[in-house]
Amino acid sequence: MTNPPDPVTQKASRDFLDPKHEGRRLFAELWGTFLLTLVACGAAVVSRTTTELNPAIAAAAPGLLVMAAIYFMGSVSGAHINPAVTLAFATRGNFPWRRVPGYLIAQIVGAAAAACFVRMVFGPVADLGATLPRAGFATLSCLALEIVLTAGLVNTILGTASGARNVGPNAAIAVGGYVALAGLWAGPMSGASMNPARSLGPDLVRGDFHTTWIYVLGPLAGAMIGVAFEWILKGPPTAEGTRAAQGEG
């Protein structure tokens, strides 16, 4: 015997799907990506220019921000705050393709605005916290690392999210924890970006794109692999499953 639908959950699901709320959702994605990029770049700048911030803390900081963002905006926009995540949700069939361009633009604008803020506050130092391969670390090795890290991230998100949204304690803890863990062990080598917007933002502001392709191609390829693995693990999505996951069943 199944429990009756929760009216609060049903209303949240209707709001998420209501096109009248698209402006609110786009602002949430812009603001969320701004905060994520600010924390990631700001922590990197501080750790590289002073001895007052442990590099391990700087690596884990974005994961804590992702966790907070899922809690405060997951029910508004889905808390994608990452073009790779938006494309993964759309490819999986849980997010309308017509809404993808708006989300991508909002995320990139938010990331670029955060990089501008970092430059204004700290000045043009430490590459504005850009994600860069470690000196001596091969470019293809960095690309491979970003692909694998993002595939794991997308599997974590798809496995814990409700429909096309990152919501609830399971998603927040799992996704935020994964981002922090990836940053702790892989950050010193590739930057552990897993997010094209987070990497593109500071590159746009500092005008240096010689490694940008790694952090665009890697996460996008990893996202598609993550979606394929989700099909292997759970099979194709169904309308009934998506409605049930969003509390509409």
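We're numbering straight along the sequence, starting at 1.
When hydrophobic clusters are built by joining Ile, Leu, Val, Met, Phe, Trp and Tyr residues whose side-chain heavy atoms come closer than 4.5 Å, directly or via intermediates, V85 is grouped together with F34. By the criterion of side-chain heavy atoms lying less than 4.5 angstrom apart, applied directly or through intervening Ile, Leu, Val, Met, Phe, Trp or Tyr residues, V216 is not grouped with I225; the two fall into different hydrophobic clusters. Y215 and L128 fall into different hydrophobic clusters, where Ile, Leu, Val, Met, Phe, Trp and Tyr side chains are chained together by heavy-atom contacts under 4.5 Å. The same ILVMFWY cluster, assembled from side-chain heavy atoms under 4.5 Å apart, contains both L65 and L153. The hydrophobic clustering, which links ILVMFWY residues whose side-chain heavy atoms are closer than 4.5 Å, places L158 and V148 apart.
For N170 and T160, the side-chain atoms include no donor-acceptor pair closer than 3.5 Å. Side-chain contact annotation: E146 with S193, donor-acceptor N/O pair under 3.5 Å absent.
For the atom pair CG of N155 and CG of L233, the computed distance is 6.0 Å after rounding to the nearest 0.5 Å. Remark: T33 OG1 to I108 CD1 distance equals 9.5 Å, nearest 0.5 Å. The structure places CE of M224 at 10.5 Å from OG1 of T150, a figure rounded to the nearest 0.5 Å. Taken to the nearest 0.5 Å, the OG atom of S75 stands 7.5 Å off from the CZ atom of R165. One distance of note links CE of M194 with CD1 of I147; it measures 14.0 Å at 0.5 Å rounding. Atom CG of L64 is separated from atom CD1 of I57 by 10.0 Å, given to the nearest 0.5 angstrom.
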field: From CA spacing to verdict: side chain to side chain contact (heavy atoms under 4.5 Å, CB included), N82, Q107
entry: CA-CA 7 Å; N82 183 340; Q107 291 157 359; 5.7 Å; no
- request: Please lay out, stage by stage, how I173 and Y71 fare under the test side chain to side chain contact (heavy atoms under 4.5 Å, CB included).
  value: CA-CA 10 Å; I173 295 171; Y71 279 120; 4.0 Å; yes
message: Run F117 and V205 through side chain to side chain contact (heavy atoms under 4.5 Å, CB included) and show every step you take.
response: CA-CA 10 Å; F117 185 81; V205 175; over 6 Å; no
message: Using side chain to side chain contact (heavy atoms under 4.5 Å, CB included), reason through F95 and H80 one step at a time and then give a plain yes or no.
response: CA-CA 11 Å; F95 189 76; H80 297 188; 3.7 Å; yes
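Considering T212, T211, T131 in turn, T131 is the only one that fulfils the side chain to side chain donor-acceptor pair (under 3.5 Å) rule with S199. When each of E29, H21, R99 is checked for a side chain to side chain donor-acceptor pair (under 3.5 Å) with S77, only E29 meets the rule.
What you find for P133 and I214 is that their closest heavy atoms are CG-CD1, 4.0 Å. In terms of heavy-atom proximity, A28 sits nearest to V76 at CB-CG1, 4.0 Å. Between A43 and A61, the shortest heavy-atom contact is CB-CB, 4.4 Å. Taking each heavy atom of A69 and A79 in turn, the nearest pair found is O-CB, 4.1 Å. Scanning all heavy atoms of the two residues, the minimum distance from T49 to A126 falls at CG2-CB, 4.0 Å. Of all heavy-atom pairs between S190 and L149, the closest is OG-CD1, 4.3 Å.
Of the possible polar contacts, none joining the S141 side chain to the F137 backbone as a donor-acceptor pair under 3.5 Å is found. The backbone N or O of A56 lies less than 3.5 Å from a partner atom in the side chain of N54, making a donor-acceptor pair. Without hydrogens or angle criteria, T50 side chain to S47 main chain gives no donor-acceptor distance under 3.5 Å. A donor-acceptor pair is defined here as one N or O able to donate and one able to accept, closer than 3.5 Å; no such pair exists between the side chain of N166 and the backbone of A171.
With a 4.5 Å cut-off on side-chain heavy atoms, Y103 and R25 count as touching. V167 is not listed as a side-chain neighbour of I70, based on a closest heavy-atom distance of 4.5 Å or more. Taking the side chain as every heavy atom from C-beta outward, V46 and F122 approach each other to under 4.5 Å. Contact annotation: the side chain of I157 never approaches that of Y178 to less than 4.5 Å [non-hydrogen atoms, C-beta and beyond]. Side-chain contact between T91 and W231 is absent, with no heavy-atom pair separated by less than 4.5 Å. Residues E230 and V154 form no side-chain contact, since every pair of their non-hydrogen atoms from C-beta on lies 4.5 Å or further apart. Between P202 and D127, every side-chain heavy-atom pair lies at or beyond the 4.5 Å cut-off.
Within a 6.0 Å radius of CZ in F229, other residues, nucleotides and ligands contribute 12 heavy atoms or fewer. More than 12 heavy atoms of other residues, nucleotides or ligands shown are found within 6.0 angstrom of CZ on R48.
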